Amino acid sequence: MEAAERAWTEGYVEGFEEGRLQRLVLRLLYWRDIEAPPAVRSKILATTDLDKLRLLRDRAYEVTDPADLFAPE
């Protein structure tokens, strides 16, 4: 039972972190007066990889076009 509880807890924490980063990316764009079109919003909210979300967060500080969040690295 302990392993199952640990797996559930890790999954919960990771899911929480995903949602937090997704909202942060959108909030950063909003604060910078950059409107994210529905396609970009959907793509941000569909991203679940934490490393990719951290990259999007960092890019959100610099981009002028929200589509540039997903430019090749």
Side-chain angles (χ1 to χ4, degrees):
M1 206 55 164
E2 202 172 291
E5 289 176 12
R6 187 174 28 246
W8 182 88
T9 301
E10 289 172 4
Y12 177 81
V13 169
E14 187 172 311
F16 179 80
E17 184 72 7
E18 287 171 9
R20 189 180 70 82
L21 284 167
Q22 291 164 339
R23 290 186 305 275
L24 178 58
V25 171
L26 292 171
R27 198 172 317 129
L28 285 168
L29 294 174
Y30 174 79
W31 286 339
R32 296 187 60 226
D33 290 325
I34 298 173
E35 185 174 340
V40 172
R41 290 180 61 81
S42 295
K43 201 168 180 180
I44 291 168
L45 295 173
T47 303
T48 58
D49 179 81
L50 291 176
D51 291 331
K52 180 68 173 180
L53 285 165
R54 289 181 187 112
L55 177 65
L56 295 179
R57 176 202 56 203
D58 294 345
R59 288 182 175 180
Y61 285 104
E62 300 173 357
V63 297
T64 55
D65 181 348
D68 291 341
L69 288 171
F70 298 96
E73 297 174 31

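This is a predicted model, so every value here is computed, not measured.
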Quick check for you: to the nearest 0.5 Å, what is the distance between [X] atom [atom1] and [Y] atom [atom2]?
{"X": "L56", "Y": "D68", "atom1": "CG", "atom2": "CG", "answer": "12.0 Å"}
{"X": "R57", "Y": "R54", "atom1": "CZ", "atom2": "CZ", "answer": "7.0 Å"}
{"X": "L55", "Y": "L21", "atom1": "CG", "atom2": "CG", "answer": "11.5 Å"}

* Asked: What residues, two or more places apart in sequence or in another chain, satisfy side chain to side chain donor-acceptor pair (under 3.5 Å) together with R41?
  -> none
What side-chain donor-acceptor pairs closer than 3.5 Å can you find for residues 25-37, not counting sequence neighbours?
| unit_1 | atom_1 | unit_2 | atom_2 | d |
| --- | --- | --- | --- | --- |
| R32 | NH1 | A60 | O | 2.9 |
| R32 | NH1 | V63 | O | 2.6 |
| R32 | NH2 | V63 | O | 3.1 |

* **Ion pair E62/R59, N-O distance below 4.0 Å** => no
* Return the minimal non-hydrogen interatomic distance between E18 and T48, and the atom names on each side. => OE2-O, 3.0 Å
* Check: Q22 side chain, L53 main-chain N or O, donor-acceptor pair, under 3.5 Å -> no
